[in-house]
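Have a look at the structure below, then the notes.
Counting begins at 1 with the first residue of the sequence. Nothing here was measured: the structure is a model prediction, and the numbers come from that model.
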Amino acid sequence: MSLDSIPKDLRGLRACKLCSMIKTSDDFYRNGCDNCERHLRVKGNKDAVQECTSSNFDGIIAMMAPEDSWVARWQRIDKLAKGCYAISVSGELPQDIIDSLQDKGIPFPQLQFEYQDPVPGFNKEKVKGPVAKLIHVKDVSAATALEVAAGGKLYNIVVDNEHTGKQLLEKGRLKRRFTIIPLNKIAGKSINDGVVRKAQSLVGRDKVHPAISLVGYEEELQPAMEYVFGSTFVCDTLQNAKKVTFDKQVSVRSVSLAGDVFDPSGTLSGGSRPQTVPILTRLQELLECEQLLEAKAAELEVVMAELQNVQKVAGRYKELKEQREAKSHDLELIRTRINQSTHHQQMVELQTLKDTIAHQKELLKATEETEKRAKQQLQDIQKKMKESKSHQERELKEAEEALARARQEAEGVVKEAKGRDQEVQALRLEVEELQKGLLAQQEQISVCQQSVTVKSRHLEEHSLAEANAKGALKSAKQELEKQKANLKQMNKELQALETQWKDVEKDKATHIREIKELEHNIAKFQRECREAAQRVEDLLAKHDWIATEKQYFGKANTAYDFGAYNLKEATRKLTRLQEEKDTLSKNVNMRAMNMLGKAEEKYNDLMKKKSIVENDKSKIGELIAELDQKKNEALKGAHQRVNQDFGSIFSTLLPGASAKLSPSEGMTVLDGLEVKVAFGGVWKESLTELSGGQRSLVALSLILSLLLFKPAPLYILDEIDAALDLSHTQNIGQMLRTHFRHSQFIVVSLKDGMFNNANVLFKTKFIDGVSAVTRYVNPRALTHRSDEGESSGVGGVLQEGQEKRGTKKPAKRARMDVPLTDVATPLPAH
């Protein structure tokens, strides 16, 4: 924004209703709004300027550095264009603009209530919000009627009490003007039940409803809702609304569903309405969407909580799985330890002994069979002995030998069996002990098996939960993969764009560098051309012969035949001369002449400036002397005039006395003045010799003489005669009439001496506890003025008839609410 668009005058300013920028109406018309033009389109449209801007605003903020201004950040305008902004703006945007803003994603700008905390720790629950946000429409078809019934009250702000409202208005930094409804002070009005029944009996129970019954709200908001909707009926048709409103027993404001309004006072409003969705309907849809959003958010929180629980279950499952694997490993270790324990070895030995016992039993059984066979053989031998003694003896001997061997073998077997029995008894004891230990181990194993069973059951449950969680996790991972793929694709596209941008930037840098080189070359060539041209001009100015000989330059057979010269030879000669010059420059200061010339120029310039300054100094001295002379003359003239008026006024106020303003002894008027007072020609040494009333008259005379030196058209005097006698009051009135012929006075006085000189009198008195003002013209003053032929005088006196304590005499008191048109009217007009 340029400085030209900043208002130069406070007249004719308007503020944008959307961003609060302040401009003149002509500037809005020519240039539009710097912030909101794409939304409001006020440029070149006078109607839009009137509708979208307001002349009613409070405060002005000039913002020229938004990034550095804390005021701009405080007012939330630091992102807007530079310029002047209002602190708050009154008025609402047109409905079509509001609809357009809502379509562009700026919902309900008239419902936006932003404020700063007026005090630290402010309880935001005290601010309920706009009325439109505190209600929900029970029947959407009545939204238009309710919006019309509420009118501007729909955007009023509801607070808990008047103190909160006062804090918001004073310290809340409100951007717009708001009407605040305090719940503890608002006086709502509701329709009587009898009136409701009468209205329903006229048109039908379902065809008319109190407006407040069609909205839902919290119970604490009842006073505010009665204030907004309590005194209006909503009818279904135009005819029913008209019938209800103008019925003498009802006589209540009614609104039809189409938005037509009937008022008992006789006013009607209606007709075509904008073809837009009512704001309450859209607000209701917005509230439903917000409720749906809150429900979805709650469901999302539940799902997230379940997901967290599943994650916890998955973690628990993983932990139990690790515990199961650890327990399985411990079980294997226990089995290994059991196999390697003494008990297991004893069990193995026991099994070996059992096998040995079974084998010995088989041997014993075999021995018994052998013994049976031996007995059978003995019987056979005895039988054979009978048959043959010799043979018997021989066989007997063999049998005895075999029997001895069998007996020896049987004894050995018996001994071995006895030893084995002893071993078996010992082994049985050991087996019993091992069985007891085995039972303890089995009990421990059963407990472990039960724990494993419980853990397995929990493991199955967790496995099922894990499967569900894995399913959800898999879906989430799939969605995440999709998002990652999309993000990856977008990253690729972004990288490609970045690569292209870098290539373009490189090309741009290259082109810029080439352009700069070309510009540098062009500037160099132009500079060389200018230098060459300047050099030519210098040569032309320095050498007059060039102008006359110029016609022969470059022509053959002339002294200026440049083609005949050898350029190389000239270059070598120039080089040689340059070397000689450089050699000489070491001993000779080549810049001495230049320095001398510059010093001379500087000296001449300083001398000129010195002469100018001295001339100015002399002129200023002369001017000061002249001004001092005029000042002294003016002071002396003012002293003479004020001294003359001072003496005249004092003599009028106090006949037989005189006063003057004179310098102190040995001083002049310019050094200071003293007030001197004389009575009967005798001058007093000090004002302390005067009484209080006399000193008051001296002060009054001095003030009025100063005022008379440069009179004003109107004076207001408030009880200047309060401490003076009645004769002095009469003298004051006469003095005002005599000395101030071209001025008017409003004089407040309590004494009749002042009233006699007034043109117009204003009296006030209490009538039934109320002050009444009476104006009338003073006929004595008119007669006196007509006799004297004066053009003006004392304008008027105010008095109030109020009885003082202890007296019945009316007291006069000034009141300054008197119309000045009556007081300032010249006497001939009366």
Side-chain angles (χ1 to χ4, degrees), residues 90-92 94-95 110-111 130-158 178-183 185-219 221-274 276-284:
S90 299
E92 301 293 339
Q95 186 62 39
Q110 68 273 37
L111 295 179
V131 174
K133 289 188 176 182
L134 300 177
I135 62 173
H136 65 272
V137 181
K138 297 180 180 179
D139 187 0
V140 180
S141 61
T144 301
L146 292 173
E147 184 175 344
V148 173
K153 297 178 182 178
L154 200 63
Y155 310 112
N156 292 357
I157 307 302
V158 181
F178 291 95
T179 300
I180 295 181
I181 302 176
L183 292 175
K185 291 292 184 181
I186 194 66
K189 184 175 69 173
S190 60
I191 304 174
N192 192 350
D193 293 339
V195 175
V196 174
R197 288 193 294 271
K198 178 60 179 178
Q200 292 176 348
S201 65
L202 288 174
V203 297
R205 186 177 184 83
D206 298 332
K207 295 182 180 181
V208 60
H209 303 277
I212 195 172
S213 66
L214 299 176
V215 295
Y217 51 87
E218 297 182 2
E219 185 177 356
L221 303 176
Q222 180 71 25
M225 296 304 136
E226 289 181 352
Y227 169 72
V228 177
F229 298 103
S231 60
T232 306
F233 274 125
V234 175
C235 301
D236 58 344
T237 62
L238 183 71
Q239 291 75 17
N240 290 337
K242 179 179 179 181
K243 188 175 181 180
V244 168
T245 301
F246 297 115
D247 186 82
K248 294 183 179 180
Q249 296 182 1
V250 178
S251 187
V252 175
R253 179 172 177 262
S254 301
V255 181
S256 67
L257 294 179
D260 301 309
V261 182
F262 292 85
D263 195 273
S265 61
T267 60
L268 309 175
S269 63
S272 176
R273 294 183 58 81
T276 57
V277 180
I279 188 172
L280 289 179
T281 302
R282 288 178 296 185
L283 189 60
Q284 189 73 17

(request) With sequence neighbours excluded, tell me which residues meet side-chain hydrogen bond (donor to acceptor under 3.5 Å, both in side chains) with Tyr217. (result) Gln222

(request) Name all residues meeting the side-chain contact (heavy atoms from CB on, under 4.5 Å) criterion together with Ala150; count only those two or more places apart in sequence or in a different chain, and write none if there are none. (result) Leu154, Val228, Phe229

(request) State which residues pass side-chain hydrogen bond (donor to acceptor under 3.5 Å, both in side chains) with Ser141; sequence neighbours excluded, sorted by chain then number. (result) Asp139

(message) Which residues pass the side-chain contact (heavy atoms from CB on, under 4.5 Å) test with Ser201, not counting sequence neighbours?
(response) Lys198

(request) Return the set of residues passing side-chain hydrogen bond (donor to acceptor under 3.5 Å, both in side chains) with Arg205 (not counting sequence neighbours), or none when no residue passes. (result) Gln200

(message) I need the Leu146 CG to Leu214 CG distance, nearest 0.5 Å.
(response) 5.5 Å

(request) Output all residues satisfying side-chain contact (heavy atoms from CB on, under 4.5 Å) with Ile186, sequence neighbours left out; order by chain, then residue number. (result) Ile181, Pro223, Tyr227

(message) Tell me if the NZ atom of Lys153 is crowded by more than 12 foreign heavy atoms within 6.0 Å.
(response) yes

(request) Mind checking the CD-CZ spacing from Gln249 to Arg197? Nearest 0.5 Å is all I need. (result) 12.5 Å

(request) Going by the side-chain contact (heavy atoms from CB on, under 4.5 Å) test, name the single residue among Val158, Leu221, Val215 that passes it with Val131. (result) Val158

(request) Could you tell me which residues satisfy side-chain contact (heavy atoms from CB on, under 4.5 Å) with Thr179, sequence neighbours excluded, listed by chain and number? (result) Asn156

(request) Please name all residues satisfying side-chain hydrogen bond (donor to acceptor under 3.5 Å, both in side chains) with Lys242, sequence neighbours left out, ordered by chain then number. (result) none

(message) Testing the basics here: between Val244 and Ala199, what is the closest heavy-atom pair and its distance to 0.1 Å?
(response) CG1-CB, 4.0 Å

(message) Would Leu134 and Glu218 count as a side chain to side chain contact (heavy atoms under 4.5 Å, CB included) here? Give the steps.
(response) CA-CA 8 Å; Leu134 300 177; Glu218 297 182 2; over 6 Å; no

Donor-acceptor pairs are to be reported for all side-chain atoms of residues 232-239 against protein atoms at under 3.5 Å, with residues two or more places apart or in another chain.
residue : atom : partner : partner atom : Å
Thr232  : OG1  : Arg253  : NH1          : 3.2
Asp236  : OD1  : Asn240  : ND2          : 2.6
Thr237  : OG1  : Asn240  : N            : 3.3
Thr237  : OG1  : Asn240  : ND2          : 3.1

(request) Quick one: pull up OG1 in Thr245 and CG in Asp263 and give me the separation to the nearest 0.5 Å. (result) 8.0 Å

